[in-house]
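Lettering of chains follows the sequences in order, A, B, ..., and the numbering in each one begins at 1. The figures here come from the full heavy-atom set of this structure, side chains too, leaving out hydrogens, waters and symmetry mates.
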Number of protein chains: 2
Amino acid sequence: MERQVAAVRRFNRTVTQRIGALDDAYMARARPLAQARLLWEIGPGGAEVAALRARLGLDSGHLSRLLRALEGDGLVTVGPSDRAGDDARVRHARLTDAGRAEWTELDERSDRFAQSILEPLAGPHRERLVAAMAEVERLLVSSMVVIEPCPPGDPRARACVRAYAREVARRFDDGFDPALSSPVDDADLTPPAGLFLLATLNAEPVGCGAVKLRPDAPAEIKRVWVAGTVRGLGVGRRLLAELERHAAQRGRRRVRLDTNRNLTEAIALYRSAGYREVEPFNTERYAHHWFEKRLAPRVER
Amino acid sequence: MERQVAAVRRFNRTVTQRIGALDDAYMARARPLAQARLLWEIGPGGAEVAALRARLGLDSGHLSRLLRALEGDGLVTVGPSDRAGDDARVRHARLTDAGRAEWTELDERSDRFAQSILEPLAGPHRERLVAAMAEVERLLVSSMVVIEPCPPGDPRARACVRAYAREVARRFDDGFDPALSSPVDDADLTPPAGLFLLATLNAEPVGCGAVKLRPDAPAEIKRVWVAGTVRGLGVGRRLLAELERHAAQRGRRRVRLDTNRNLTEAIALYRSAGYREVEPFNTERYAHHWFEKRLAPRVER
DNA sequence: CAGGATTCCTGACTAAAGTCAGCTTTATGG
DNA sequence: CCATAAAGCTGACTTTAGTCAGGAATCCTG
C-alpha cells in the first residue's frame with residue numbers, strides 16, 4: 001500500500017501539476033483562465049447557466065460576472081431558452097459567431113497541445129501512452145463512483161430501474177415483461193424493510209442494487225445493475241458488498257438472490273463473491289439460477 | 001492519430017483537471033495555495049531561493065513576498081548558505097521546527113489524498129491503476145525530454161560525457177581508459193566539423209550524442225549515451241535520428257559507428273534503426289562491432 | 001391568487017496572484 | 001580596484017478570483 005501511495009503521489013505531482021499547468025496556459029489566450037474555461041464549457045451548442053455553474057463549480061455571482069464579461073466582448077449572448085414552455089427563470093448561454101470562432105481556436109489549441117505530447121514519442125510508445133492514459137482515466141472514474149442509500153422512489157433510482165428493465169428485456173431469451181416477474185414494492189426496499197443503493201458518478205446515476213429484509217427469512221438481493229459506461233470497474237462488487245454489509249448489520253446470516261442465465265457477468269460476480277448455487281427458492285418466471293451466501297455476523301457500527 | 005489526440009484530451013480533461021483541483025484543495029490548509037506549495041517545495045532539507053523560483057516558475061518579487069509571509073508566520077528562515085565559500089548572494093530557505101511540523105502535515109494530507117483515490121478500488125484494480133499511472137508518468141516524462149545542439153565544451157555536455165565514461169568503465173570487460181581509446185577533439189564535434197546533441201529533462205542533462213563530419217568520409221557517430229532514469233523511452237533513438245538527419249542534411253550518404261559487445265541495448269538499437277554490421281573501419285581499442293547505415297539524401301530545410 | 005421557492009442578477013467587498021521598476025549586496029573579469 | 005553582472009528584495013501597482021447580501025423575475029402549491 002505504501003508503495004502504491006507513493007506511486008499515486010508521484011503521478012499527481014508530475015502529471016497533474018505539469019500537464020495541468022500547461023493545459024491552462026494553452027487554454028488561456030489573451031483572456032483570463034476562468035473566462036476561457038467558461039467559453040469552452042458553453043460550447044457550440046450553448047448551455048444552461050445552472051448547468052455551467054454545476055459543471056465548473058462556480059459561485060453564482062462569479063459566474064454571472066464572467067458571463068457579462070464574455071457578453072461585453074461580444075462572444076456570448078445570454079437569454080431565455082428558445083423552446084416555448086420552458087422555465088423562463090432558467091437562462092441559456094449561447095455563443096455568437098465571434099464566440100464560436102474563439103471556441104474553435106481553443107479546440108484547435110487543445111488539439112495542438114495533445115499533439116505536442118504525442119509528437120516526441122515513437123509510434124509504439126505513443127500507443128502505450130494512449131492505452132495507459134485510457135486505463136488511468138477509467139480507473140480514476142470508477143474510484144469517483146459514490147454509492148449511497150436512496151429512496152427507491154427517487155427519480156434517479158427510477159431511471160436506474162428503467163435502464164435495468166430495458167437491458168434485461170434486450171438480453172433475456174424471451175424478453176422481459178415486468179408483469180410476469182414477481183413485483184417488488186417500493187416499501188420493501190425502504191428502511192427498515194429493505195434498502196435501495198444508488199451509485200452515482202458526478203451526480204449522474206450509474207448503477208443500483210437493493211436488498212429486501214423480510215422478518216425471518218434470508219435477505220434477498222434484487223436489481224443489481226451497473227451502467228455500461230462503468231462496467232468492469234468493480235462497481236457491481238462494491239454494491240453487492242454494501243448490501244451484504246447492511247444485511248449482516250441487521251442480523252441476517254444468509255443472503256440469497258436469483259438470476260437469469262444470460263446475465264453471465266452477474267453470475268460470475270456472484271460466484272467470485274462467495275455465492276453458492278442452491279435449489280430454487282422461488283418461482284420467478286425469468287430465473288434460471290438461485291444463489292446463496294452465508295454472512296459472517298457483523299457488529300453494529 | 002486523431003483517435004490518440006482525442007484520448008489525450010479526454011485524459012487531460014478528466015484526470016488532470018479533477019485530480020489537480022482536488023490536490024490543490026488538499027494542499028491548501030488555512031494558507032493560500034502558493035504559500036503551501038512553496039513550503040512544501042522547500043522541504044525538510046531546505047532549498048536555494050533560485051531553485052525554488054525555477055521549480056515553481058514564480059516571479060522573483062512574488063516569491064520574495066511569499067517567503068516573507070512564511071517567515072512572518074515563523075515557518076521559514078531565509079539566510080545565506082551555511083557552507084563557507086558559497087556565493088553569498090544565493091540565499092537559502094530552511095524550515096523552522098514549526099515549518100517542519102506544517103510540512104509533515106502537508107505530507108500526510110498528500111498521503112491521505114492518494115489513499116482516497118486507491119481506497120474505493122478493489123485490490124486488482126488498484127494494482128492496475130498504479131501500473132498505468134507509472135506508465136503514463138514515464139512516457140510523459142520522456143515526451144518532455146528536449147534534444148538540441150550544444151557546444152561540446154558546455155558543462156552539461158561535459159557532465160554527460162563523464163557519465164558516459166563512468167558507465168562504460170563499469171560495463172566493459174576490461175574497464176575503460178580514455179587514453180587507450182581514440183580521442184575525440186571538441187573541435188570535431190563543433191559545427192561545421194561535427195555536431196554535439198544534448199538531451200535535457202527540465203534543464204537537467206539526461207543524454208547526449210555526437211557526429212563527426214570529416215570532409216570526404218562517411219559521417220561517424222560517437223558518444224551516444226542516455227541516463228538510466230530515462231532509458232527505454234526512445235531517447236536514444238531520437239538522438240540517433242537527429243544525428244542522422246544532420247549528417248544527411250550536410251550531404252553525407254553513409255553514417256557509421258563502432259561499439260563494444262557489452263553495450264547490448266545500444267547494439268539492438270543500431271540494428272533496429274537500420275544499421276548493418278560491417279568490417280572494422282578503424283582500430284579502436286574497445287570496439288567489437290562496426291556498423292554502417294545508408295542515408296536517404298535529404299533536402300536542406 | 002397569495003406566499004414561498006428558485007434562478008439569476010447586481011453591488012460592494014476582500015484576498016490572492018502576478019508585474020515591473022529600481023535598489024542593495026555580492027561576485028567576477030579585466 | 002572598478003565596471004558590470006547576478007541574486008534577491010521592496011514598493012507600488014493591476015488583474016483575477018472569490019464571497020455574500022440582497023433584489024427582480026418567474027415558478028409552483030395549496
Side-chain angles (χ1 to χ4, degrees), chain A residues 17 20-21 24-25 27-42 46-73 75-94 155, chain B residues 17 20-21 24-25 27-42 46-73 76-94 155 203:
Chain A
Q17 217 95 283
D24 286 357
M27 188 89 266
R29 243 150 82 80
R31 197 169 306 293
L33 182 57
Q35 276 182 39
R37 256 195 215 314
L38 174 56
L39 181 77
W40 171 260
E41 207 63 47
I42 293 172
E48 292 183 353
V49 172
L52 293 170
R53 202 165 45 229
R55 260 185 278 166
L56 293 165
L58 293 175
D59 170 84
S60 142
H62 190 21
L63 175 59
S64 254
R65 237 171 291 274
L66 291 172
L67 284 170
R68 286 308 82 70
L70 290 175
E71 243 176 354
D73 290 355
L75 301 171
V76 162
T77 57
V78 179
S81 165
D82 21 339
R83 279 202 311 276
D86 276 10
D87 188 332
R89 292 169 304 182
V90 182
R91 310 242 290 159
H92 205 83
R94 278 178 218 81
Chain B
Q17 216 95 283
D24 286 357
M27 195 52 115
R29 245 151 81 79
R31 197 168 306 293
L33 182 57
Q35 279 182 38
R37 255 194 214 314
L38 174 56
L39 181 77
W40 170 259
E41 207 63 45
I42 292 172
E48 292 183 355
V49 172
L52 293 171
R53 201 166 44 230
R55 258 186 280 166
L56 293 166
L58 294 175
D59 169 83
S60 145
H62 190 20
L63 175 58
S64 253
R65 240 172 288 275
L66 290 172
L67 283 171
R68 287 307 81 72
L70 290 175
E71 244 177 351
D73 290 354
V76 162
T77 58
V78 178
S81 166
D82 22 338
R83 279 202 313 275
D86 276 10
D87 189 332
R89 289 170 305 184
V90 181
R91 311 243 289 160
H92 205 85
R94 279 178 216 79

Colleague: At a cut-off of 3.5 Å, list every protein nitrogen or oxygen paired with a nitrogen or oxygen from nucleotides 10-17 of chain C, distance to 0.1 Å.
Modeller:
| residue | atom | partner | partner atom | Å |
| --- | --- | --- | --- | --- |
| C/dT10 | OP2 | A/R68 | NH1 | 3.2 |
| C/dG11 | N7 | A/R65 | NH1 | 3.3 |
| C/dG11 | O6 | A/R65 | NH2 | 2.5 |
| C/dA12 | N6 | A/R65 | NH2 | 3.2 |
| C/dA17 | OP1 | B/A34 | N | 3.3 |

Colleague: Could you give the CG-to-P distance, from A/L58 to C/dC8, as a whole number of Å?
Modeller: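 After rounding, the gap between these two atoms is 13 Å.
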
Colleague: Any chance you could measure B/L38, atom CG, to B/L66, atom CG, to the nearest 0.5 Å?
Modeller: 6.0 Å

Colleague: Using atom types as modelled and distance alone, determine if a side-chain donor or acceptor of B/E41 lies under 3.5 Å from a backbone N or O of B/L56.
Modeller: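 Here the side-chain-to-backbone pair does not exist.
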
Colleague: What is the distance from atom CG of B/L58 to atom CZ of B/R53, rounded to the nearest 0.5 Å?
Modeller: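 Reported value, rounded in 0.5 Å steps: 9.5 Å.
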
Colleague: A/D73 side chain to A/L75 main-chain N or O, any donor-acceptor pair under 3.5 Å?
Modeller: no

Colleague: Please find the pair of heavy atoms, one from A/V76 and one from A/A93, that lie closest to each other, and give the distance.
Modeller: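 Reported closest heavy-atom pair: CG1-CB, 4.4 Å.
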
Colleague: Please walk me through it: do B/H92 and B/V49 pass side-chain contact (heavy atoms from CB on, under 4.5 Å)?
Modeller: CA-CA 6 Å; B/H92 205 85; B/V49 172; over 6 Å; no

Colleague: Just verifying a value: how many Å separate B/R68 CZ and B/R65 CZ, rounded to the nearest 0.5 Å?
Modeller: 10.0 Å

Colleague: Using rotation axes that map the C1' atoms of four end pairs onto the next four (five pairs an end), what angle separates the end axes of the helix from C/dC1-D/dG30 to C/dG30-D/dC1, to 10°?
Modeller: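 Axis-to-axis angle, ends of the helix: 30°.
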
Colleague: Starting from C1' on D/dC20, measure out to CG on A/D59 and report it in whole angstrom.
Modeller: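 A/D59 atom CG is separated from D/dC20 atom C1' by 8 Å.
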
Colleague: Strictly under 3.5 Å: I want the nitrogen or oxygen pairs between protein and nucleotides 25-27 of chain D, one per line.
Modeller:
| residue | atom | partner | partner atom | Å |
| --- | --- | --- | --- | --- |
| D/dC27 | OP1 | A/A88 | N | 2.8 |

Colleague: Rounded to the nearest 0.5 Å, how far apart are CG of B/D24 and CE of B/M27?
Modeller: 8.5 Å

Colleague: What is the distance, rounded to the nearest whole Å, between atom CG of B/L56 and atom C1' of D/dG8?
Modeller: 16 Å

Colleague: Respond yes when some side-chain nitrogen or oxygen of B/R53 is under 4.0 Å from OP1 or OP2 of D/dG8, and no when none is.
Modeller: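 Indeed, a polar side-chain atom of B/R53 lies that close.
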
Colleague: Using the rule given for side-chain contact (heavy atoms from CB on, under 4.5 Å), can you reason through A/Q17 versus B/R37, listing the C-alpha separation, both sets of side-chain angles and the distance that settles it, and then say yes or no?
Modeller: CA-CA 11 Å; A/Q17 217 95 283; B/R37 255 194 214 314; 3.3 Å; yes

Colleague: Using side-chain contact (heavy atoms from CB on, under 4.5 Å), reason through B/R91 and B/E48 one step at a time and then give a plain yes or no.
Modeller: CA-CA 6 Å; B/R91 311 243 289 160; B/E48 292 183 355; over 6 Å; no

Colleague: Working note: B/Q35 + B/L70, criterion side-chain contact (heavy atoms from CB on, under 4.5 Å); need CA distance, chi angles, decisive distance, verdict.
Modeller: CA-CA 7 Å; B/Q35 279 182 38; B/L70 290 175; 3.8 Å; yes

Colleague: For B/R91 and C/dT24, give me the distance from atom CZ to atom P, rounded to whole Å.
Modeller: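 After rounding, the reported distance stands at 16 Å.
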
Colleague: Whole angstrom is fine here: how far is it from CG in A/D24 over to C1' in D/dA17?
Modeller: 14 Å

Colleague: How many whole angstroms separate atom CD of B/E48 from atom C1' of D/dA6?
Modeller: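 Answer to the nearest Å: 14 Å.
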
